[in-house]
Amino acid sequence: MSGNGKEAVRLCEHIVRQAFGQVVCRVASTLLNRGRLPAPTIARLAGLPRPTTYAALLILIQHDLVQSNGASYKDTGEDEQYEFGVMECMMRLRWGRILAITHEKLDDVALEVVRQLMIYGKLKVPEIIASCGGGHNALRAVAVNDAIITLLRGHFLQPTHPELAILESDQVARRYAAGRRRLVAARGSALLSPQDQSNLNDEAQFEVRQEREGHRDIHRVLIQKAKVEKEKKRRKGKAVEEFDYELKSDIPLRVNYDRYGVLIRNELIVKAAEDRWNKGAGVVMRAILDASLRDTSVLRDDRTHDAVGPVEIMDRIPNTDYPLLLAGLGVSTKTAVSDLVRHYLNLLAGEDQMVGAGGVFLQKEGTTNPGYQVELEAICRRLRETMLTELVRQKLGDKAARVLTVVSKSSKVFETTVRDCAMVPLKEARRLLAELQRLSLVETQEVPKTGAKSRMGLPSSMEYHLWAVDLPRVYGVLLTGVYKTLGNVMQRKAKEVERRKLPLAREARVLGQEGGRGLLQLKDQEDLADLDDALNKLSLAETRSELVVFILRDLPGWPGQR
């Protein structure tokens, strides 16, 4: 969906340089620009000694930025080769949002656990406790241990395994080759039909995917033990079972970016419901998404797994949000909350026959006791289209946004159709189409129609031009532009810090003293204040640009893919 283009490579180089320094960046840059390479070749191309190159590769592997083909681990006799993970590197731009979600959902101890995993990469439970200050503090160690258990149960963390450091494509290729050898031996012939080869490939991909999911299973590190108290609470004659949890100390953990992606996606859907209807619809949408969240929920889901009933939805709505439900409908203050929620559910499911261009948010199942599922893929597809339209509107104006909408809704369209549907003069439509084509947002196709030309008295050399939008290509172009913007922002931040090296060095000397920055000269204080203001503005631009990347690249519903 977003290949390793020039701007993506440049952005990753800035990220690695900012995080690990110039030496590690030289190794990463070699892999980014040259592709998969063995360690001796990396050392030669990067111009570094082999021990330095090996140390840099270890750092990158520790942070899951580099994977290998697993030749030495699997003992295949091949050379060990390494490949840089571009998507994993770009996830580091989402760290600020991840920490904010952790602080909102959990507490400060859990926030510190996630921060330490971001700083050091994969860590085992004793290492996490020691890095969080629990090495010589028993109470702190217990608090960190409980925070790790909470993060694992919420799937904010996940265990890892050496197999996960091997490229999935190489694992599939080895599994396919082994299956092919077994099939050839069973049949006694090396000639396999295309159907057999397709089945072997699908089977290999399924087996590798299942194994990797098993390595990420939280029960590998989280031990669940039943706890029966002396005074058992009973409900309908049955004892309420509670559990104690323990952690294995020999399995490393890492941050589960996919679960945080699910939460970011849910917030975007809530905001979309608020923008289309009102805050009351957003409250109901948030309750549905919270009730639909499961341990198996992933970012690529096309819809929520299980249907959720109105009663479960109402239980998720806090009492403080009831006034928003009432204000959004303008009904009597004596209306029951259940009736308000059902009315919002009818709106979100499109049962009011007022669906319009926005489509429905929910799919209703059943009539007597209905359940609702969220149409995640359809909503995310509309979010992506809305993002495209808004970007065009900001750059070229409302008329260009209308023209692009007309072209994108049609397979191929004439200029006259654009003129009529977008309600702009033909001359203006042609100018806007040329502007959109210059930005690589639309494309033309020449279709000669000899019979029509002869009937209209036109020369046979004249051709018709059809306009169309290739959405995957358009989103790729937009992603490239956002990557360039992010790279420029990171480069500007580095320049701002470089310009004020001396004031920063003086500040570092007085930070431990009483008075802090106030002990510096007035000029240094002004320079540092300007630096803080510039960095805050650049960080805000970086966060907003990263959210655009998340909408365009990571949400489900990418055109032409299932």
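Nothing here was measured: the structure is a model prediction, and the numbers come from that model. Side chains are part of it too, since the values below use all heavy atoms of this structure and drop only hydrogens, waters and symmetry mates.
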For [Y], is there any backbone N or O sitting under 3.5 Å from a side-chain donor or acceptor partner on [X]?
X      : Y      : value
Gln67  : Glu83  : no
Lys122 : Ile61  : yes
Arg384 : Leu552 : yes
Arg220 : His215 : yes
Gln373 : His305 : yes

From [X] atom [atom1] to [Y] atom [atom2], the distance as rounded to the nearest 0.5 Å:
X      : Y      : atom1 : atom2 : result
Leu222 : Ile148 : CG    : CD1   : 11.0 Å
Asp306 : Ser297 : CG    : OG    : 8.5 Å
Arg175 : Leu200 : CZ    : CG    : 12.5 Å
Leu111 : Cys132 : CG    : SG    : 10.0 Å
Leu391 : Thr386 : CG    : OG1   : 10.5 Å
Arg92  : Cys12  : CZ    : SG    : 10.5 Å

If every non-hydrogen atom of [X] is compared with every non-hydrogen atom of [Y], which pair is closest and at what distance?
X      : Y      : answer
Ile218 : Leu152 : CD1-O, 3.5 Å
Gly261 : Phe550 : O-CZ, 3.4 Å
Lys484 : Arg10  : O-NH1, 3.6 Å
Gly280 : Leu325 : O-CD2, 3.6 Å
Pro556 : Cys380 : O-CB, 3.3 Å

Using a strict threshold of under 4.0 Å (side-chain N to carboxylate O), is an ion pair present between [Y] and [X]?
X      : Y      : result
Arg382 : Glu375 : no
Arg212 : Glu163 : no
Lys279 : Glu274 : no
Arg286 : Glu267 : yes
Arg265 : Asp301 : no
Glu213 : Arg209 : no
Arg36  : Asp170 : yes

Q) Would Arg381 and Glu377 count as a salt bridge (Lys or Arg N to Asp or Glu O under 4.0 Å) if you check the C-alpha gap in whole Å, the side-chain angles of each, and the deciding distance to 0.1 Å? A) CA-CA 6 Å; Arg381 187 183 300 114; Glu377 184 174 331; 3.0 Å; yes
Hey, does [Y] have a side-chain heavy atom less than 4.5 Å from the side chain of [X]?
X      : Y      : answer
Tyr344 : Asn278 : yes
Ile288 : Arg316 : no
Val374 : Phe361 : no
Tyr483 : Val549 : yes
Met91  : Asp554 : yes

Q.
Quick check on Tyr322: does its OH atom have over 12 non-hydrogen neighbours (other residues, nucleotides or ligands) under 6.0 Å away?
A.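 Atom OH in Tyr322 is crowded, with more than 12 foreign heavy atoms closer than 6.0 Å.
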Q | CZ (Arg393) with more than 12 external heavy atoms under 6.0 Å | A |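 Yes.
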Q.
For Tyr260 and Phe156, take the angle between the two ring planes, folded into 0 to 90°, and tell me which bin it lands in: parallel under 30, tilted 30 to 60, perpendicular over 60.
A.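 Rings of Tyr260 and Phe156: tilted, as their planes differ by 30° to 60°.
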Q) For Gln195 and Asn199, does a side-chain donor sit closer than 3.5 Å to a side-chain acceptor? A)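 Looking only at side-chain atoms, Asn199 and Gln195 do form a donor-acceptor pair, the distance falling under 3.5 Å.
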Q.
Show, in sequence, the C-alpha distance, side-chain angles and deciding distance for Glu112 and Gln116, and conclude whether the side-chain hydrogen bond (donor to acceptor under 3.5 Å, both in side chains) test is met.
A. CA-CA 6 Å; Glu112 185 63 24; Gln116 295 302 315; 2.6 Å; yes
(Q) Going by side-chain contact (heavy atoms from CB on, under 4.5 Å), Leu540 matches just one of Arg544, Glu542, Lys537. Which one? (A)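 For Leu540, the side-chain contact (heavy atoms from CB on, under 4.5 Å) test succeeds with only one of Arg544, Glu542, Lys537, which is Arg544.
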